[in-house]
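Whatever order the structure lists ligands and atoms in, that order sets their numbers, starting from 1.
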Amino acid sequence: SQLNQFCEVGTGYGEAGCGIPVSSSKLLIKGGTVVNAHHQEVADVYVEDGIIVAVKPNLKVADDVKVLDATGKFVMPGGIDPHTHLAISFMNTEAIDDFFSGQAAALAGGTTMHIDFVMPVNGNLTAGLQAYEKKAKNSCMDYGFHVAITKWDEEVSKEMEIMVKERGINSFKFFMAYKGFVMVNDELLLQGFKRCKSLGALAMVHAENGDAVFEGQNRMIELGITGPEGHALSRPPVLEGEATARAIRLASFVNTPLYVVHVMSIDAMEEIARARKSGQRVIGEPIISGLVLDDSKLWDPDFTTASKYVMSPPIRASGHDKALQAALSTGVLQLVGTDHCTFNSTQKALGIDDFRKIPNGVNGIEERMHLVWDTMVESGQISVTDFVRVTSTECAKIFNIYPRKGAILPGSDADIIIFNPNSSFEISARSHHSRSDTNVYEGKKGKGKVEVTIAGGRVVWENGELKVVPGSGKYIKMPPFSYLFNGINKADESYLSSLNAPVHRSKSTT
Ligand code: URP
Ligand code: ZN
Ligand code: ZN
Ligand code: ZN
């Protein structure tokens, strides 16, 4: 663990234990290339009290302002990770990165906000949110919540309204896998999608056919395959493609936008491509493990090595990664998450005799920005402005917090990174900031480096050192009816008016 290198300075503003000012409430970032999703230009960025005040060339400021020189570097919005599971209770254990260590790792990698998934308590959303508010108390960066729906009744339906209208939630996730645990059936999906639509909340799905996964797991066990490779073999891409297609068609039937989390396969990606081509509002989120890794290590004879790659849907055979990159570069997929959900090698060993018991999840919250840069920008597949879009801006727009987040504009939150494209990074569990003792990107090197991270106007990562303040992160409420809902009612109206053609009607309805 790298936690001992943090300067924990209690709550509130102040000086770090080592004497370095943790925050100057006024900051000037000079001479960098400021990159937004829509535009890039050489400009200075002036920050006061956590908010960007001005973005202009050659700003003049008073002497008491801390100045950061960004000449020759990119000044970009901090990353927003749409998909994390910090401190989640899952598969008989709890993820080892909590809101403090996971966020510290994020900040060291240039991510300044994440959206985590609240797991209900016995299906109850309010109790779930309460538990997550407690987990998030020590936050050192801003965060928001999605809420998972794991059962259906009047109570849940009412709670969804409270979540949206009072608690800052604008998205709900449905698991189509994890049978006997959190999996939902099509009836629940339909009810849930309808409710999401009426509230202006985005429906999200973990798309794998959980019944078939269960069957596939039994098949492997009957064949005597109990190791980590059984995980991949038991839930092939066809099961992800089927569930993705089903969720897309049900969302189309309800006429509500859909967000498919962790798109891991060509099969799922092609369903999304088809739906988008037909005009349907479907968002596809690849995650960094799916973009840069393949499944080969799952066959490694060393259990510790193989088991660290176990996540769901599985990391796929070589070829899926390149296809997902291409889909991201052409806009078929829109934003990159991580699904950061870390278990150390002792926790992974819960499944040493049975792959079904290996806690599912991989790291990525610290690595995402560097790996997207190296894989997508350095390779020439996307531009620098696209980098900002897929790592930050699109997430802010989808979850309706743009331009407070996801932009370097006057009035936006001062969540900013200074990125040196001529430097380099190298990933190792020895130097990362996650509490896990392993890293699925161990040994990966590439071009580009997040040299400075500013979160809420505070310099939290500089010269390879973290200066994070537990309790300084804010909960970001996300309002309903994002741009994805624009015009949805018009489509419903034209559908209804099409029913005015002569049809047989019940006499009791008008
Ligand atoms: O393996 C994974 N993905 N673990 C986290 C839970 C989920 O399905 O997203
Ligand atoms: Zn220090
Ligand atoms: Zn999932
Ligand atoms: Zn997840």
Side-chain angles (χ1 to χ4, degrees), residues 81-98 102 106 114-120 128 132 143-150 171-184 189 202-210 213-214 217 228 230-232 234-235 237 239-240 243-244 247 258-265 268 283-291 293 295 297-298 306-316 335-344 347-348 350-351 355-365 368 395 434 436 438 440:
D81 190 337
H83 187 158
T84 61
H85 302 278
L86 301 182
I88 187 180
S89 287
F90 193 58
M91 297 184 76
N92 297 313
T93 183
E94 184 174 315
I96 191 158
D97 278 321
D98 60 16
H114 70 117
I115 314 177
D116 209 272
F117 291 89
V118 168
M119 301 300 283
Y132 270 75
Y143 59 95
F145 287 132
H146 317 284
V147 172
I149 303 296
T150 55
S171 50
F172 295 96
K173 166 148 170 221
F174 303 85
F175 290 95
M176 299 168 79
Y178 303 117
K179 185 173 178 167
F181 170 41
V182 289
M183 183 175 115
V184 302
L189 273 185
L202 185 56
M204 310 174 83
V205 285
H206 170 132
E208 285 184 291
N209 185 313
V213 167
F214 184 71
Q217 289 174 330
H231 178 74
S234 65
R235 45 206 308 159
L239 303 190
E240 190 188 344
T244 304
L258 180 70
Y259 182 113
V260 182
V261 306
H262 50 40
V263 177
M264 297 296 280
S265 63
I283 299 292
E285 170 209 79
I287 58 173
I288 194 61
S289 58
L291 289 168
L293 299 174
D295 69 353
K297 291 274 184 60
L298 282 166
S307 63
K308 73 178 174 178
Y309 295 92
V310 169
M311 64 157 293
S312 295
I315 294 164
R316 305 299 185 182
L335 74 169
V336 182
T338 63
D339 203 3
H340 186 87
C341 184
T342 45
F343 301 101
N344 66 20
Q347 294 175 299
K348 289 278 185 180
L350 286 169
F355 68 82
R356 295 172 298 182
K357 296 181 179 153
I358 301 170
N360 288 195
V362 300
N363 64 292
I365 202 167
R368 179 183 70 126
C395 182
S434 160
S436 181
T438 66
V440 292

Do Gln347 side-chain atoms and Ala95 backbone N/O form a donor-acceptor pair below 3.5 Å? no
Looking only at side-chain N and O atoms, does Asn363 offer a donor or acceptor that is under 3.5 Å from a partner on Ser434? no
For the aromatic rings, using the six-membered ring if either is Trp, is the centroid distance between Phe117 and Phe90 under 6.0 Å? no
List ligand 1 atoms under 4.0 Å from Lys173, heavy atoms only on the residue side. 9 (O)
Distance to the ring centre below 6.0 angstrom and angle to the axis at most 45 degrees; does that hold for Lys297 and Tyr309? no
Between Lys173 (side chain only) and Ile149 (backbone N and O only), is there a donor and an acceptor less than 3.5 Å apart? no
If you have a sec, work out which protein heavy atom is nearest atom 4 (N) of ligand 1 and how many Å separate them, to one decimal? Asn360 O, 3.1 Å
Rounded to the nearest 0.5 Å, how far does OH of Tyr132 lie from CG of Leu86? 8.5 Å
Which atoms from ligand 1 have a heavy atom of His262 less than 4.0 Å away? 8 (O), 9 (O)
Please could you name the atoms of ligand 1 that Met311 approaches to less than 4.0 Å, counting only its heavy atoms? 1 (O), 3 (N)
For Gly361, counting its heavy atoms only, list the atoms of ligand 1 lying under 4.0 Å from any of them. 1 (O)
Angular separation of His85 NE2 and Asp339 OD1 about the Zn ion (ligand 4), given to 10°: 90°
For atom 1 (O) of ligand 1, what's the nearest protein heavy-atom neighbour? Residue, atom name and distance, please. Ser312 N, 2.8 Å
N/O/S from His262 sitting under 2.8 Å away from the Zn ion (ligand 4): no
Using only heavy-atom distances, determine whether the side chains of His340 and Asp81 contain a donor-acceptor pair under 3.5 Å. no
I'd like to check which ligand 1 atoms, numbered from 1 as shown, lie under 4.0 Å from a non-hydrogen atom of His83. 9 (O)
Honestly, for Asp339 the part within reach of ligand 1 (heavy atoms, under 4.0 Å) is side chain
Pick one of side chain, backbone, both or neither for how Met91 approaches ligand 1, counting any non-hydrogen atom pair under 4.0 Å. neither
Examine His83 and say whether one of its N/O/S atoms is closer to the Zn ion (ligand 4) than 2.8 Å. yes
Quick one: which ligand 1 atoms are inside 4.0 Å of a heavy atom on Cys341? 5 (C)
Is the gap between the ring centers of Phe174 and Phe172 under 6.0 Å? no
Quick look: Tyr178 vs ligand 1, heavy-atom contacts under 4.0 Å, and the answer is side chain
Closest His206 atom to the Zn ion (ligand 3) [N, O or S only]: ND1
Is the Phe355 ring parallel, tilted or perpendicular to the His231 ring (thresholds 30°, 60°)? perpendicular
Criterion side-chain hydrogen bond (donor to acceptor under 3.5 Å, both in side chains) against Glu208, the qualifying member of Arg235, His262, Lys179: Arg235
